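Since the structure comes first, as structure tokens, the remarks are kept for the end.
Just so we're on the same page: letters track the sequence lines, and every chain starts at 1. The structure presented is a predicted model; accordingly, all values stated were derived computationally and were not measured. Only heavy atoms go into these numbers, but all of them, side chains included; no hydrogens, no water, no symmetry mates.
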2 protein chains.
Amino acid sequence: MEKLGNPTRLEVFHLLVRAGEDGLAVGDIQRHLGIPASTLSHHLAHLVAADLVQQVREGRVLRCRPNFARMNAVLAFLTEECCVGVGATADQGDGPTRGKGAVEEQVAGKRV
Amino acid sequence: MEKLGNPTRLEVFHLLVRAGEDGLAVGDIQRHLGIPASTLSHHLAHLVAADLVQQVREGRVLRCRPNFARMNAVLAFLTEECCVGVGATADQGDGPTRGKGAVEEQVAGKRV
DNA sequence: TCATTATTTCGATTATTCCAGAAATATAGT
DNA sequence: ACTATATTTCTGGAATAATCGAAATAATGA
């Protein structure tokens with residue numbers, strides 16, 4: 001999730017998500033977003049390191065695909081533990097336990 | 001989304017999500033995560049500015065609630081436009097249009 | 001091998017963000 | 001008014017990250 005915190009990087013990843021599972025070549029991304037090649041390469045390296053993007057060489061061009069499984073996992077990190085409670089600190093008891101149904105009221109997701 | 005890019009801030013927000021809709025007081029967060037008050041306040045200000053957290057004073061303590069609607073909107077920003085295509089650049093035509101069903105194959109979300 | 005296109009690595013600069021101590025402010029109780 | 005608790009603001013320095021030009025590397029085809 002940290003890697004998506006940079007606006008440029010988010011823009012790159014967002015573009016790849018829009019492109020779909022075949023993704024785009026590095027040069028295509030560059031043409032779409034108009035950022036210098038070195039800067040783009042730098043950001044892509046971050047996304048690849050985070051496993052949010054996978055790269056495969058196709059001749060001279062390097063195709064970048066979004067890793068949807070990883071994206072979903074990253075997003076689920078926030079939503080999965082919704083409303084489970086936070087446990088106790090040294091000097092206090094548990095907080096109030098939510099009734100069943102709290103999660104469903106708060107978390108939305110695209111139905112599949 | 002940029003605001004969730006900082007690990008500490010993400011930790012704070014994640015804790016609030018776990019806590020559920022009633023959230024936690026600033027002091028509770030501090031006790032749970034063990035970060036200095038000034039640092040925590042700084043991060044909370046960011047989250048409030050991003051409308052990811054709402055604060056309401058209750059006597060001496062300031063209660064921080066996660067804004068689930070905003071959280072869902074932020075996450076949806078990535079998933080909603082999945083596979084819609086990226087349009088054209090100046091020097092090339094449209095990329096291949098995906099068949100229907102591409103979105104559902106890639107994007108998961110907690111069912112509600 | 002040479003030329004061309006695609007992309008990365010290097011290196012230096014600039015910009016941003018993070019952090020935490022100390023002081024200030026807010027609220028409530030006595 | 002005074003004290004205690006809760007939280008923020010101020011401040012400055014340290015750490016990180018972003019940026020991008022230039023040079024290097026990779027792949028292809030003539």
Checklist entry - Counting only N and O atoms by type, is there a donor-acceptor contact under 3.5 Å from the side chain of A:Arg18 to the main-chain atoms of B:Val84? => result no
Next on the checklist: Donor-acceptor pair, distance only, cut-off 3.5 Å: does the side chain of A:His42 make one with the backbone of A:Ala37?
Outcome noted: no
Item to check | Inter-residue atom distance A:Asn67.CG - A:Leu52.CG, 0.5 Å rounding | outcome: 7.0 Å
Next on the checklist: Can you tell me how far apart NZ (B:Lys3) and NE2 (B:His46) are? Round to the nearest 0.5 Å.
Outcome noted: 4.5 Å
Checklist entry - Roughly how many Å is it from CG in A:Leu33 to C1' in D:dC20, rounded to a whole number? => result 16 Å
Checklist entry - Counting any heavy atom closer than 4.0 Å, what does A:His42 reach on the DNA or RNA strands: base, sugar-phosphate only, or nothing? => result base
Checklist entry - Judged by atom type as modelled, is there a donor-acceptor pair below 3.5 Å linking the side chain of B:Arg63 to the main-chain atoms of B:Arg57? => result no
Checklist outcome for this item: Per atom distances to the B:Leu62 side chain, the nearest of C:dT8, D:dT19, D:dT7 is D:dT7
Checklist entry - Does a nitrogen or oxygen in the side chain of A:Ser41 sit under 4.0 Å from OP1 or OP2 of C:dT8? => result yes
Checklist entry - Roughly, in whole Å, what's the span from CG in B:Leu44 to P in D:dT9? => result 11 Å
Next on the checklist: As a test of reading the structure: which of C:dT5, C:dT8, D:dA18 is closest to the side chain of A:Arg60, going by heavy atoms?
Outcome noted: C:dT5
Checklist outcome for this item: The reported gap from CD1 in B:Ile29 to CG in B:Leu16 (rounded to nearest 0.5 angstrom) is 4.5 Å
Next on the checklist: Expressed as a whole number of angstroms, how long is the span from A:Asp28:CG to C:dA6:C1'?
Outcome noted: 11 Å
Checklist entry - Where along residues 46-59 of chain A does a heavy atom come under 4.0 Å from DNA chain C, residue by residue in number order? => result A:Gln55
Item to check | Nearest-Å distance for atom pair CD1/C1', residues A:Ile35 and D:dC20 | outcome: 11 Å
Next on the checklist: So if I take every side-chain heavy atom of B:Ser38 and compare against C:dT8, D:dT9, C:dT9, which nucleotide ends up nearest?
Outcome noted: D:dT9
Checklist entry - CG of B:Leu40 versus C1' of D:dA6: gap in Å, rounded? => result 12 Å
Checklist entry - So which of residues 1-11 of chain A are in contact with DNA chain C, with a heavy-atom cut-off of under 4.0 Å? => result none
Item to check | Whole-Å gap separating P (D:dA6) and CZ (B:Arg63) | outcome: 14 Å
Checklist outcome for this item: Rounded to whole Å, the CD1-C1' distance (A:Ile29 to C:dT8) equals 14 Å
Checklist outcome for this item: Only one of B:Asn6, B:Val53, B:Leu10 passes side chain to side chain contact (heavy atoms under 4.5 Å, CB included) with B:Leu47, and that residue is B:Val53
Checklist entry - Does A:Asp28 reach the main-chain N or O of A:Leu24 with its side chain, forming a donor-acceptor pair under 3.5 Å? => result no
Item to check | Pair A:Arg65 + A:Asp22, salt bridge at N-O below 4.0 Å | outcome: yes
Checklist entry - Atom NE2 of A:His32 and atom C1' of C:dA6: how far apart are they, to the nearest Å? => result 16 Å
Checklist entry - Hey, is the side chain of B:Thr39 pairing donor to acceptor with the base of C:dA20 inside 3.5 Å? => result yes
